[in-house]
Number of protein chains: 2
Amino acid sequence: MTVSKTAEKSSEKPADAAKGRKDAGEVQAEALQLGELSEQLGYVLKRAQLKVFENFLRCMASLQLTPAQFSVLLLVEKNPGRNQTEIASTLGILRPNFVAMLDNLESRDLCARIRSTNDRRSHILVLTDKGKAVLARAKKLVATKHEARLNDLLGQANREALIGMLSKIANEF
Amino acid sequence: MTVSKTAEKSSEKPADAAKGRKDAGEVQAEALQLGELSEQLGYVLKRAQLKVFENFLRCMASLQLTPAQFSVLLLVEKNPGRNQTEIASTLGILRPNFVAMLDNLESRDLCARIRSTNDRRSHILVLTDKGKAVLARAKKLVATKHEARLNDLLGQANREALIGMLSKIANEF
DNA sequence: GATATTTGATATGGTCCATAACAATTATCA
DNA sequence: TGATAATTGTTATGGACCATATCAAATATC
(Lines give C-alpha, C1' and ligand atoms only; values in the text may rest on other atoms or scores of the structure.)
Protein backbone atom coordinates (compact mmCIF):
# COMPACT_ATOMS: atom_id res chain seq x y z
CA MET A 1 0.00 0.00 0.00
CA THR A 2 1.47 3.38 0.71
CA VAL A 3 0.20 6.55 -0.82
CA SER A 4 0.97 9.79 0.91
CA LYS A 5 -1.68 12.31 1.75
CA THR A 6 -0.38 15.46 0.13
CA ALA A 7 -3.11 17.83 -0.83
CA GLU A 8 -2.58 19.74 -4.05
CA LYS A 9 0.66 21.52 -4.57
CA SER A 10 3.68 19.29 -4.01
CA SER A 11 3.40 15.60 -4.72
CA GLU A 12 1.78 14.55 -7.92
CA LYS A 13 -1.19 12.21 -7.87
CA PRO A 14 0.25 8.73 -7.53
CA ALA A 15 -1.43 7.11 -10.51
CA ASP A 16 0.01 9.07 -13.42
CA ALA A 17 2.85 10.59 -11.48
CA ALA A 18 5.85 9.19 -13.30
CA LYS A 19 4.71 10.76 -16.50
CA GLY A 20 5.28 14.26 -15.17
CA ARG A 21 8.28 14.72 -17.43
CA LYS A 22 8.79 16.90 -20.42
CA ASP A 23 5.65 17.41 -22.40
CA ALA A 24 7.95 18.94 -24.98
CA GLY A 25 9.67 16.80 -27.51
CA GLU A 26 11.59 13.65 -26.83
CA VAL A 27 10.78 10.18 -25.65
CA GLN A 28 7.95 9.94 -23.15
CA ALA A 29 9.02 7.53 -20.42
CA GLU A 30 6.38 4.82 -20.42
CA ALA A 31 4.01 4.85 -17.48
CA LEU A 32 4.66 2.33 -14.73
CA GLN A 33 2.52 -0.76 -14.48
CA LEU A 34 0.49 -0.82 -11.29
CA GLY A 35 -0.09 -4.51 -11.75
CA GLU A 36 -1.59 -6.42 -8.86
CA LEU A 37 -1.41 -3.31 -6.74
CA SER A 38 -4.64 -1.98 -8.21
CA GLU A 39 -6.44 -5.05 -6.91
CA GLN A 40 -5.00 -4.91 -3.42
CA LEU A 41 -7.71 -4.04 -0.94
CA GLY A 42 -5.44 -2.11 1.38
CA TYR A 43 -3.86 -0.09 -1.38
CA VAL A 44 -7.07 1.06 -2.99
CA LEU A 45 -8.70 1.57 0.39
CA LYS A 46 -5.94 3.84 1.57
CA ARG A 47 -5.89 5.82 -1.65
CA ALA A 48 -9.63 6.33 -1.52
CA GLN A 49 -9.46 7.38 2.10
CA LEU A 50 -6.83 10.00 1.40
CA LYS A 51 -8.84 11.42 -1.46
CA VAL A 52 -11.98 11.58 0.65
CA PHE A 53 -10.25 13.29 3.55
CA GLU A 54 -8.62 15.73 1.17
CA ASN A 55 -11.99 16.61 -0.29
CA PHE A 56 -13.50 16.87 3.17
CA LEU A 57 -10.89 19.42 4.19
CA ARG A 58 -11.55 21.46 1.07
CA CYS A 59 -15.29 21.47 1.72
CA MET A 60 -14.74 22.50 5.32
CA ALA A 61 -12.10 25.12 4.65
CA SER A 62 -14.47 27.92 5.58
CA LEU A 63 -15.22 26.31 8.94
CA GLN A 64 -11.71 25.02 9.60
CA LEU A 65 -12.89 21.62 10.75
CA THR A 66 -10.90 18.44 10.29
CA PRO A 67 -12.62 15.08 9.91
CA ALA A 68 -11.64 14.21 13.48
CA GLN A 69 -12.99 17.48 14.87
CA PHE A 70 -16.21 17.06 12.94
CA SER A 71 -16.66 13.58 14.36
CA VAL A 72 -16.18 14.87 17.89
CA LEU A 73 -18.77 17.61 17.44
CA LEU A 74 -21.21 15.13 15.91
CA LEU A 75 -20.77 12.68 18.75
CA VAL A 76 -21.03 15.29 21.50
CA GLU A 77 -24.19 16.68 19.95
CA LYS A 78 -25.71 13.23 19.71
CA ASN A 79 -24.59 12.29 23.24
CA PRO A 80 -24.69 15.33 25.48
CA GLY A 81 -23.58 14.90 29.05
CA ARG A 82 -20.87 12.34 28.41
CA ASN A 83 -17.37 12.78 29.69
CA GLN A 84 -14.07 12.90 27.84
CA THR A 85 -13.23 9.24 28.29
CA GLU A 86 -16.54 8.12 26.85
CA ILE A 87 -16.43 10.37 23.82
CA ALA A 88 -12.78 9.69 23.11
CA SER A 89 -12.90 5.93 23.42
CA THR A 90 -16.01 5.71 21.25
CA LEU A 91 -14.06 7.44 18.51
CA GLY A 92 -10.96 5.35 19.08
CA ILE A 93 -9.04 8.33 20.38
CA LEU A 94 -6.72 7.73 23.30
CA ARG A 95 -7.46 9.94 26.25
CA PRO A 96 -4.08 11.67 26.32
CA ASN A 97 -4.45 12.65 22.68
CA PHE A 98 -7.98 13.86 23.23
CA VAL A 99 -6.87 16.59 25.60
CA ALA A 100 -5.19 18.82 23.03
CA MET A 101 -8.06 18.23 20.66
CA LEU A 102 -10.57 19.47 23.20
CA ASP A 103 -8.30 22.37 24.12
CA ASN A 104 -8.54 23.42 20.50
CA LEU A 105 -12.33 23.08 20.21
CA GLU A 106 -12.84 24.76 23.54
CA SER A 107 -10.52 27.66 22.68
CA ARG A 108 -12.64 28.24 19.60
CA ASP A 109 -15.75 28.21 21.77
CA LEU A 110 -17.22 25.23 19.94
CA CYS A 111 -17.58 22.99 22.96
CA ALA A 112 -17.10 23.23 26.71
CA ARG A 113 -15.86 21.07 29.54
CA ILE A 114 -18.10 21.12 32.58
CA ARG A 115 -17.08 19.63 35.90
CA SER A 116 -19.51 16.89 36.71
CA THR A 117 -21.33 17.27 40.02
CA ASN A 118 -21.76 13.52 40.39
CA ASP A 119 -18.14 12.67 39.78
CA ARG A 120 -15.82 15.60 40.26
CA ARG A 121 -13.06 13.82 38.39
CA SER A 122 -14.79 13.92 35.04
CA HIS A 123 -15.57 16.64 32.57
CA ILE A 124 -18.95 16.61 30.91
CA LEU A 125 -18.81 17.69 27.30
CA VAL A 126 -21.38 19.90 25.66
CA LEU A 127 -21.59 21.97 22.53
CA THR A 128 -21.76 25.72 22.94
CA ASP A 129 -24.33 27.69 20.99
CA LYS A 130 -21.62 28.60 18.56
CA GLY A 131 -20.61 24.97 18.38
CA LYS A 132 -24.16 23.95 17.50
CA ALA A 133 -24.36 26.63 14.85
CA VAL A 134 -21.02 25.68 13.33
CA LEU A 135 -21.91 22.01 13.36
CA ALA A 136 -25.19 22.76 11.61
CA ARG A 137 -23.36 24.61 8.88
CA ALA A 138 -20.77 21.86 8.71
CA LYS A 139 -23.45 19.24 8.22
CA LYS A 140 -24.90 21.18 5.32
CA LEU A 141 -21.51 21.58 3.70
CA VAL A 142 -20.75 17.91 4.11
CA ALA A 143 -24.11 16.87 2.74
CA THR A 144 -24.16 19.19 -0.26
CA LYS A 145 -20.51 19.35 -1.22
CA HIS A 146 -19.00 16.16 0.12
CA GLU A 147 -21.41 13.27 0.37
CA ALA A 148 -23.36 14.47 -2.64
CA ARG A 149 -20.23 13.93 -4.66
CA LEU A 150 -20.46 10.24 -3.96
CA ASN A 151 -23.91 10.08 -5.45
CA ASP A 152 -22.71 11.87 -8.53
CA LEU A 153 -19.88 9.40 -8.82
CA LEU A 154 -21.49 6.11 -7.84
CA GLY A 155 -25.21 6.65 -7.74
CA GLN A 156 -27.44 6.40 -4.70
CA ALA A 157 -27.70 2.62 -4.58
CA ASN A 158 -24.00 2.02 -4.98
CA ARG A 159 -23.23 4.68 -2.41
CA GLU A 160 -25.34 2.91 0.17
CA ALA A 161 -23.86 -0.46 -0.75
CA LEU A 162 -20.37 0.97 -0.36
CA ILE A 163 -21.06 2.41 3.07
CA GLY A 164 -22.60 -0.87 4.11
CA MET A 165 -19.62 -2.91 3.00
CA LEU A 166 -17.15 -0.56 4.62
CA SER A 167 -19.09 -0.71 7.87
CA LYS A 168 -19.05 -4.45 7.69
CA ILE A 169 -15.30 -4.46 7.19
CA ALA A 170 -14.81 -1.97 10.01
CA ASN A 171 -16.85 -4.09 12.39
CA GLU A 172 -16.19 -7.66 11.35
CA PHE A 173 -12.88 -7.86 9.57
CA MET B 1 -13.89 10.96 11.44
CA THR B 2 -11.04 9.90 13.67
CA VAL B 3 -10.37 6.40 14.82
CA SER B 4 -6.91 5.57 15.99
CA LYS B 5 -4.96 2.64 14.66
CA THR B 6 -4.11 0.75 17.79
CA ALA B 7 -3.67 -2.94 17.21
CA GLU B 8 -4.87 -5.22 19.94
CA LYS B 9 -3.70 -4.55 23.43
CA SER B 10 -4.31 -0.97 24.47
CA SER B 11 -7.26 0.92 23.03
CA GLU B 12 -10.57 -0.79 22.84
CA LYS B 13 -12.37 -1.13 19.54
CA PRO B 14 -14.14 2.19 18.96
CA ALA B 15 -17.64 0.89 18.37
CA ASP B 16 -18.47 -0.71 21.69
CA ALA B 17 -15.69 0.93 23.61
CA ALA B 18 -17.57 2.91 26.18
CA LYS B 19 -19.12 -0.22 27.52
CA GLY B 20 -15.78 -1.56 28.67
CA ARG B 21 -16.77 -1.03 32.27
CA LYS B 22 -17.58 -3.47 34.95
CA ASP B 23 -19.19 -6.58 33.63
CA ALA B 24 -19.87 -7.23 37.27
CA GLY B 25 -22.91 -5.87 38.93
CA GLU B 26 -24.12 -2.32 38.84
CA VAL B 27 -25.56 -0.01 36.24
CA GLN B 28 -24.27 -0.53 32.75
CA ALA B 29 -23.61 2.90 31.24
CA GLU B 30 -25.67 3.00 28.07
CA ALA B 31 -23.68 2.77 24.86
CA LEU B 32 -23.14 5.99 22.99
CA GLN B 33 -25.15 6.74 19.89
CA LEU B 34 -23.00 6.87 16.78
CA GLY B 35 -25.75 8.68 14.95
CA GLU B 36 -24.92 10.21 11.61
CA LEU B 37 -21.32 9.23 12.10
CA SER B 38 -22.00 5.71 10.90
CA GLU B 39 -23.16 7.11 7.59
CA GLN B 40 -20.22 9.42 7.08
CA LEU B 41 -18.11 8.20 4.20
CA GLY B 42 -14.83 9.40 5.66
CA TYR B 43 -15.48 7.90 9.06
CA VAL B 44 -16.38 4.45 7.87
CA LEU B 45 -13.67 4.54 5.23
CA LYS B 46 -10.99 5.31 7.76
CA ARG B 47 -12.22 2.70 10.19
CA ALA B 48 -12.24 0.07 7.48
CA GLN B 49 -8.78 1.04 6.33
CA LEU B 50 -7.35 0.71 9.82
CA LYS B 51 -8.89 -2.71 10.24
CA VAL B 52 -7.57 -3.88 6.91
CA PHE B 53 -4.04 -2.64 7.59
CA GLU B 54 -4.13 -4.20 11.01
CA ASN B 55 -5.11 -7.53 9.51
CA PHE B 56 -2.48 -7.17 6.81
CA LEU B 57 0.24 -6.72 9.42
CA ARG B 58 -0.94 -9.80 11.28
CA CYS B 59 -0.91 -11.88 8.11
CA MET B 60 2.59 -10.65 7.26
CA ALA B 61 4.03 -10.96 10.72
CA SER B 62 6.25 -13.88 9.68
CA LEU B 63 7.71 -11.85 6.81
CA GLN B 64 7.83 -8.53 8.62
CA LEU B 65 6.41 -6.57 5.71
CA THR B 66 4.28 -3.48 6.09
CA PRO B 67 1.66 -2.56 3.50
CA ALA B 68 3.96 0.15 2.18
CA GLN B 69 6.92 -2.19 1.88
CA PHE B 70 4.79 -4.78 0.16
CA SER B 71 3.63 -2.22 -2.38
CA VAL B 72 7.21 -1.21 -3.13
CA LEU B 73 8.27 -4.80 -3.72
CA LEU B 74 5.27 -5.41 -5.93
CA LEU B 75 5.93 -2.33 -8.00
CA VAL B 76 9.64 -2.97 -8.39
CA GLU B 77 8.97 -6.52 -9.47
CA LYS B 78 6.43 -5.36 -12.02
CA ASN B 79 8.66 -2.53 -13.25
CA PRO B 80 12.29 -3.57 -13.07
CA GLY B 81 14.90 -1.04 -14.12
CA ARG B 82 13.10 2.03 -12.83
CA ASN B 83 14.76 4.50 -10.53
CA GLN B 84 13.81 5.69 -7.07
CA THR B 85 11.95 8.76 -8.24
CA GLU B 86 9.73 6.78 -10.57
CA ILE B 87 8.85 4.09 -8.07
CA ALA B 88 8.33 6.52 -5.22
CA SER B 89 6.16 8.99 -7.10
CA THR B 90 4.00 6.24 -8.53
CA LEU B 91 3.23 5.16 -5.00
CA GLY B 92 2.70 8.70 -3.79
CA ILE B 93 5.81 8.57 -1.63
CA LEU B 94 7.92 11.69 -1.51
CA ARG B 95 11.49 11.06 -2.53
CA PRO B 96 13.04 12.14 0.76
CA ASN B 97 10.84 9.70 2.64
CA PHE B 98 11.61 6.92 0.21
CA VAL B 99 15.30 6.88 1.12
CA ALA B 100 14.94 5.38 4.58
CA MET B 101 12.42 2.93 3.25
CA LEU B 102 14.84 1.66 0.66
CA ASP B 103 17.66 1.62 3.19
CA ASN B 104 15.53 -0.78 5.17
CA LEU B 105 14.64 -3.07 2.27
CA GLU B 106 18.21 -3.03 1.01
CA SER B 107 19.66 -3.79 4.45
CA ARG B 108 17.41 -6.86 4.53
CA ASP B 109 18.67 -7.84 1.10
CA LEU B 110 15.21 -7.64 -0.44
CA CYS B 111 16.05 -5.12 -3.11
CA ALA B 112 19.13 -3.36 -4.44
CA ARG B 113 20.07 0.07 -5.76
CA ILE B 114 22.18 -0.07 -8.90
CA ARG B 115 23.91 2.99 -10.32
CA SER B 116 22.51 3.58 -13.77
CA THR B 117 25.07 3.67 -16.55
CA ASN B 118 22.91 5.96 -18.66
CA ASP B 119 22.36 8.51 -15.96
CA ARG B 120 24.84 8.27 -13.13
CA ARG B 121 22.58 10.35 -10.90
CA SER B 122 19.89 7.73 -10.62
CA HIS B 123 19.62 4.42 -8.88
CA ILE B 124 17.94 1.58 -10.71
CA LEU B 125 15.87 -0.59 -8.40
CA VAL B 126 15.72 -4.35 -8.65
CA LEU B 127 14.60 -7.17 -6.42
CA THR B 128 17.26 -9.51 -5.13
CA ASP B 129 16.71 -13.24 -5.33
CA LYS B 130 15.76 -13.18 -1.70
CA GLY B 131 13.44 -10.27 -2.43
CA LYS B 132 11.69 -12.24 -5.17
CA ALA B 133 11.34 -15.24 -2.89
CA VAL B 134 9.98 -13.19 -0.01
CA LEU B 135 7.58 -11.39 -2.30
CA ALA B 136 6.30 -14.69 -3.65
CA ARG B 137 5.61 -15.90 -0.15
CA ALA B 138 4.05 -12.57 0.73
CA LYS B 139 1.68 -12.77 -2.21
CA LYS B 140 0.52 -16.18 -1.11
CA LEU B 141 -0.07 -15.02 2.43
CA VAL B 142 -1.98 -11.98 1.24
CA ALA B 143 -4.11 -14.01 -1.13
CA THR B 144 -4.94 -16.83 1.25
CA LYS B 145 -5.13 -15.06 4.59
CA HIS B 146 -5.94 -11.47 3.75
CA GLU B 147 -7.86 -11.01 0.52
CA ALA B 148 -9.62 -14.31 0.99
CA ARG B 149 -11.14 -12.86 4.10
CA LEU B 150 -12.95 -10.32 2.02
CA ASN B 151 -14.63 -13.04 0.00
CA ASP B 152 -15.72 -14.77 3.16
CA LEU B 153 -17.13 -11.52 4.41
CA LEU B 154 -18.67 -10.00 1.30
CA GLY B 155 -18.71 -12.66 -1.38
CA GLN B 156 -16.82 -12.58 -4.64
CA ALA B 157 -19.14 -10.25 -6.52
CA ASN B 158 -19.38 -7.70 -3.74
CA ARG B 159 -15.64 -7.83 -3.24
CA GLU B 160 -15.03 -6.89 -6.85
CA ALA B 161 -17.67 -4.20 -6.72
CA LEU B 162 -16.04 -2.75 -3.61
CA ILE B 163 -12.59 -2.64 -5.15
CA GLY B 164 -14.05 -1.04 -8.23
CA MET B 165 -15.84 1.68 -6.31
CA LEU B 166 -12.81 2.42 -4.17
CA SER B 167 -10.64 2.69 -7.27
CA LYS B 168 -13.13 5.07 -8.78
CA ILE B 169 -13.07 7.23 -5.67
CA ALA B 170 -9.28 7.13 -5.56
CA ASN B 171 -9.05 8.24 -9.17
CA GLU B 172 -12.02 10.51 -9.72
CA PHE B 173 -13.10 11.97 -6.43
C1' DG C 1 -10.09 3.83 56.76
C1' DA C 2 -6.43 1.60 53.71
C1' DT C 3 -5.96 0.28 49.08
C1' DA C 4 -7.19 0.10 44.36
C1' DT C 5 -9.33 2.30 40.40
C1' DT C 6 -10.76 6.01 37.45
C1' DT C 7 -10.38 10.67 35.25
C1' DG C 8 -8.12 14.27 33.04
C1' DA C 9 -3.63 15.73 32.22
C1' DT C 10 1.55 15.98 31.15
C1' DA C 11 5.65 14.27 29.26
C1' DT C 12 7.74 11.65 25.96
C1' DG C 13 8.92 8.78 21.99
C1' DG C 14 7.68 6.71 17.51
C1' DT C 15 5.99 6.88 12.84
C1' DC C 16 4.61 9.09 8.89
C1' DC C 17 4.36 13.21 5.97
C1' DA C 18 6.08 17.49 4.00
C1' DT C 19 9.52 21.21 2.82
C1' DA C 20 14.04 23.22 2.15
C1' DA C 21 18.49 22.70 0.86
C1' DC C 22 22.72 20.39 -0.98
C1' DA C 23 26.27 17.87 -4.08
C1' DA C 24 26.69 15.30 -8.10
C1' DT C 25 25.22 14.76 -12.54
C1' DT C 26 22.87 15.84 -16.71
C1' DA C 27 20.13 18.86 -19.84
C1' DT C 28 19.58 23.27 -22.09
C1' DC C 29 20.88 26.82 -24.97
C1' DA C 30 23.16 31.20 -25.92
C1' DT D 1 31.81 25.08 -25.99
C1' DG D 2 30.65 26.87 -21.67
C1' DA D 3 27.38 29.05 -18.43
C1' DT D 4 23.02 28.12 -16.46
C1' DA D 5 19.09 25.38 -15.33
C1' DA D 6 17.05 21.06 -14.05
C1' DT D 7 17.12 16.40 -12.04
C1' DT D 8 18.55 12.62 -8.71
C1' DG D 9 19.39 10.89 -4.39
C1' DT D 10 20.16 12.56 0.07
C1' DT D 11 20.15 15.01 4.67
C1' DA D 12 18.07 17.85 7.96
C1' DT D 13 14.11 19.44 10.00
C1' DG D 14 9.42 20.33 11.56
C1' DG D 15 4.59 19.01 11.93
C1' DA D 16 0.72 15.82 12.66
C1' DC D 17 -0.83 11.80 14.64
C1' DC D 18 -0.45 7.78 17.71
C1' DA D 19 0.94 5.23 21.81
C1' DT D 20 2.80 4.46 26.61
C1' DA D 21 4.07 5.70 31.24
C1' DT D 22 3.08 8.45 34.95
C1' DC D 23 0.79 11.76 38.00
C1' DA D 24 -2.66 14.16 41.23
C1' DA D 25 -7.28 14.43 42.39
C1' DA D 26 -11.34 12.08 43.14
C1' DT D 27 -13.90 8.01 43.72
C1' DA D 28 -14.73 3.01 44.43
C1' DT D 29 -13.76 -1.18 46.96
C1' DC D 30 -13.14 -3.99 50.81
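Chain identifiers are assigned alphabetically (A, B, ...) following the order of the sequence lines, protein sequences preceding nucleic acid strands; residue numbering begins at 1 within each chain. Keep in mind that this is a model prediction, so the values were computed, not measured.
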**Q.** Selected nucleotide, minimal atom distance to A/N97 side chain, candidates D/dT10, D/dA19, D/dT7
**A.** D/dA19
Q | A/Q84 vs A/R95, side chain to side chain donor-acceptor pair (under 3.5 Å): CA-CA, chis, key distance, verdict | A | CA-CA 7 Å; A/Q84 296 185 197; A/R95 277 146 350 234; over 6 Å; no
Q. Separation of B/N83 atom CG from C/dT26 atom P, in whole Å?
A. 13 Å
Q) A/Q84 CD to C/dT6 P: how many Å, rounded? A) 17 Å
Q. Should the heavy atoms of other residues, nucleotides or ligands under 6.0 Å from CD of B/Q156 be counted, would the total exceed 12?
A. yes
Q. Can a side chain N or O of A/T85 be found less than 4.0 Å away from OP1 or OP2 on C/dT6?
A. no
(Q) If you assign each of B/P96 and A/S116 to its closest nucleotide in DNA chain D, which residue comes earlier from the 5' end? (A) B/P96
Q) Starting at CD1 of B/I124 and ending at P of C/dT25, how long is that distance when rounded to a whole Å? A) 16 Å
Q) Touch check for A/D119, heavy atoms < 4.0 angstrom, all strands: base, sugar-phosphate only, or nothing? A) sugar-phosphate
Q) Does the pair A/K51/B/E172 count as a salt bridge with the N-to-O cut at 4.0 Å? A) no
Q. How close or far is atom C1' of D/dA16 from atom CG of A/L50, stated in whole angstroms?
A. 14 Å
Q) Could you state the CZ-C1' distance from A/R115 to D/dA24, rounded to the nearest angstrom? A) 11 Å
Q: Take the protein atom CZ of B/F98 and the nucleotide atom P of D/dT11, then report the distance between them rounded to whole Å.
A: 14 Å
Q. Does C/dA9 have OP1 or OP2 sitting under 4.0 Å from an N or O in the side chain of A/R113?
A. yes
**Q.** Check ion pair A/E147-A/K139 (N to O, under 4.0 angstrom)
**A.** no
Q | Shortest side-chain distance from A/R121, nucleotide among D/dA19, C/dT26, C/dT5 | A | C/dT5
Q) So, are A/E77 and A/K132 salt-bridged, with charged N and O less than 4.0 Å apart? A) no
Q. A/I93 CD1 to D/dA16 P: how many Å, rounded?
A. 16 Å
Q) Can you check whether A/R120 has a side-chain N or O nearer than 4.0 Å to OP1 or OP2 of D/dA26? A) yes
Q: When you get a sec, tell me which of D/dT10, C/dT25, D/dA26 is the closest nucleotide to the side chain of B/H123?
A: D/dT10
Q.
Quick check for you: among D/dT27, C/dT25, D/dG9, whose closest atom lies nearest to any side-chain atom of B/S122?
A. D/dG9
Q: Would you kindly give the CD-to-P distance between A/Q49 and C/dC16, to the nearest whole Å?
A: 15 Å
